[in-house]
2 protein chains.
Amino acid sequence: MRVGYIVIFTSKRTPLNDDGYQDVAANLEQEVKKIPGFLNMQSIRDADRNGITISYWENKDGIMAWKKNREHATAKVRAQNWYETFDVKIWKIEDSWNP
Amino acid sequence: MRVGYIVIFTSKRTPLNDDGYQDVAANLEQEVKKIPGFLNMQSIRDADRNGITISYWENKDGIMAWKKNREHATAKVRAQNWYETFDVKIWKIEDSWNP
């Protein structure tokens with residue numbers, strides 16, 4: 001269960017606009033947990049609609065499988081309705097420790 | 001300016017209790033920016049008082065200098081007044097890319 005990769009998703013949600021977002025987000029959270037190699041995630045959004053989601057992965061295959069996931073791909077088409085801005089970065093981990 | 005290390009600080013704030021927190025947090029944000037090797041940070045806290053702060057560092061020396069920083073050390077003594085729970089993890093980065 002060693003973390004090999006971290007994916008950091010930062011975003012700002014559009015205002016006053018759900019347009020299916022909550023349902024899709026809840027469904028994707030269930031879907032991603034089924035992907036082999038997915039370990040866990042942490043997600044926070046503040047009152048100004050800025051969010052950080054960090055997901056932890058055992059291997060790159062899991063991240064690639066999630067990228068090709070059908071529900072995920074369908075959601076990505078609608079991302080511009082939900083986010084003013086967003087950014088995704090993948091970090092390959094060499095080592096980690098608690099200070 | 002390559003990111004060599006990421007520090008992820010997750011926490012839950014105590015309720016209804018500032019006790020100097022905002023001033024100290026604002027001051028520490030100015031202090032950490034002076035540390036050689038510090039690159040940037042992202043910080044989010046939601047309405048349930050859960051927070052994620054990610055800081056990006058060029059090298060380990062910067063993280064060690066921040067650990068020894070006087071204002072930072074003084075603040076850490078008071079951390080149990082401000083946080084119900086918190087966790088810090090340092091991630092050494094081997095590679096990164098946008099998907």
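It should be emphasised that the depicted structure is a prediction, and the values quoted were computed from it without experimental measurement. Values below: all heavy atoms of this structure, side chains included; hydrogens, waters and symmetry mates excluded. Each chain gets a letter, A, B and so on, in the order the sequences are listed, and its residues count up from 1.
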Heavy-atom pairs under 4.5 Å with chain A, option from B:Ile63, B:Asp87, B:Asn98 with the top count: B:Asn98
Linked, directly or transitively: A:Phe86 and A:Val24 (ILVMFWY side chains, under 4.5 Å): yes
Toward chain A, the part of B:Ile6 with a non-hydrogen atom under 4.5 Å: side chain
Aromatic ring proximity, centroids under 6.0 angstrom, A:Tyr5 and B:Trp91: no
Option in A:Ser43, A:Gly51, A:Ser96 with maximal non-hydrogen atom pairs under 4.5 Å from chain B: A:Ser96
Proximity breakdown for B:Asp48 and chain A, heavy-atom pairs closer than 4.5 Å: neither
Salt-bridge criterion met for A:Arg49 and A:Glu84 (N-O under 4.0 Å): yes
Under 3.5 Å: donor-acceptor pair, side chain of A:Thr14, backbone of A:Trp82: yes
